[in-house]
Amino acid sequence: MDGIIIASAVILAVIALIEILTILFSLPSDDAPPYVTVLPVFKNDRNFSARLEYIMKKSCGRTNIIIVDYSADDEQRKLCNQFVRDNPDAVFIYQNELEKYFAEIFAIYKKI
């Protein structure tokens, strides 16, 4: 019985190591289709700053980040503007600009 548990632990450790190496060393190719991360901002979202921080940590500069203002308050707008200033691949737009922005960004990639 102990052998089965040890073997299972070793197999899970190897799988975890392979996943970590894959995430760290797999960069998107130049011909990869574009992908984006969209973060909506709502006035009553108490966890917004945590979501913004999570996206900052996980994006690693490999994605376009679109922050959409649906009903942000002044403090959230301040955080968003600071985030956009520090991350060149991020934009902060209003909800009525979202469709136009998507049309422009995907048209650019379609031409390439």
Side-chain angles (χ1 to χ4, degrees):
M1 185 69 161
D2 290 336
I4 294 173
I5 293 173
I6 292 172
S8 298
V10 169
I11 290 170
L12 288 175
V14 169
I15 291 171
L17 180 64
I18 291 170
E19 287 180 354
I20 290 170
L21 291 174
T22 302
I23 289 170
L24 291 176
F25 294 110
S26 64
L27 296 174
S29 65
D30 290 338
D31 59 343
Y35 59 100
V36 296
T37 300
V38 178
L39 178 63
V41 185
F42 296 100
K43 186 175 189 172
N44 297 328
D45 186 358
R46 300 184 202 295
N47 297 321
F48 176 72
S49 60
R51 284 185 238 289
L52 193 62
E53 185 176 326
Y54 179 81
I55 286 178
M56 182 175 60
K57 289 179 182 176
K58 298 297 178 185
S59 68
C60 301
R62 293 168 42 178
T63 182
N64 292 324
I65 301 171
I66 303 168
I67 304 170
V68 184
D69 183 351
Y70 283 92
S71 60
D73 60 26
D74 291 337
E75 185 174 330
Q76 290 171 326
R77 283 189 186 102
K78 182 179 175 183
L79 286 172
C80 292
N81 287 325
Q82 182 179 5
F83 182 83
V84 169
R85 186 178 58 241
D86 296 339
N87 297 284
D89 291 333
V91 295
F92 182 46
I93 60 176
Y94 292 100
Q95 66 179 3
N96 57 355
E97 300 170 337
L98 188 59
E99 183 178 354
K100 180 181 175 188
Y101 184 79
F102 277 142
E104 290 172 357
I105 191 168
F106 286 107
I108 290 171
Y109 285 107
K110 190 174 182 180
K111 291 178 185 177
I112 295 178

Evaluate side-chain contact (heavy atoms from CB on, under 4.5 Å) for Ile67 paired with Leu52, printing each intermediate quantity in order. CA-CA 9 Å; Ile67 304 170; Leu52 193 62; 3.8 Å; yes

side-chain contact (heavy atoms from CB on, under 4.5 Å) between Asn87 and Ile65: does it pass, once the steps are laid out? CA-CA 9 Å; Asn87 297 284; Ile65 301 171; 5.6 Å; no

When rounded to the nearest 0.5 angstrom, what distance separates CD1 in Ile18 from CG in Leu21? 8.0 Å

Suppose we screen for salt bridge (charged side-chain N to carboxylate O under 4.0 Å, His left out). Which residues come up paired with Asp74, at least two apart in sequence or across chains? Arg77

Residues in side-chain hydrogen bond (donor to acceptor under 3.5 Å, both in side chains) with Gln95, at least two apart? none

Can you measure from OG1 (Thr22) to CG (Leu17) and round to the nearest 0.5 angstrom? 9.0 Å

Looking at every non-hydrogen atom in both residues, tell me the closest pair between Gln76 and Lys43 and how far apart they are. OE1-CA, 3.7 Å

Got Asn47 and Tyr54 here, is their nearest side-chain heavy-atom distance under 4.5 Å? no

Would you say the side chain of Ile93 lies within less than 4.5 Å of the side chain of Lys100, judging by non-hydrogen atoms? no

Could you check whether atom CG of Asn96 has more than 12 heavy atoms from other residues, nucleotides or ligands sitting under 6.0 Å from it? yes

Show, in sequence, the C-alpha distance, side-chain angles and deciding distance for Val38 and Phe102, and conclude whether the side-chain contact (heavy atoms from CB on, under 4.5 Å) test is met. CA-CA 11 Å; Val38 178; Phe102 277 142; 3.8 Å; yes

Rounding to 0.5 Å, atoms CZ (Phe83) and CG (Leu39) come to a distance of 8.5 Å

Other cluster members, Tyr94 - Ile/Leu/Val/Met/Phe/Trp/Tyr, side-chain contacts below 4.5 Å: none

Straight-line distance of Asp89 CG to Ile66 CD1, nearest 0.5 Å: 11.0 Å

Identify the two heavy atoms, one from Phe42 and one from Ser71, that lie closest to each other, and give their separation to 0.1 Å. CA-OG, 3.5 Å

As an exercise, state the distance from CZ of Phe92 to CG of Asn81, rounded to the nearest 0.5 Å. 6.0 Å

Approximate separation, where rounding is to 0.5 Å, of Ile55 CD1 and Thr37 OG1: 6.0 Å

Between Val41 and Ala72, the two heavy atoms sitting closest are CG1-CB, 3.4 Å

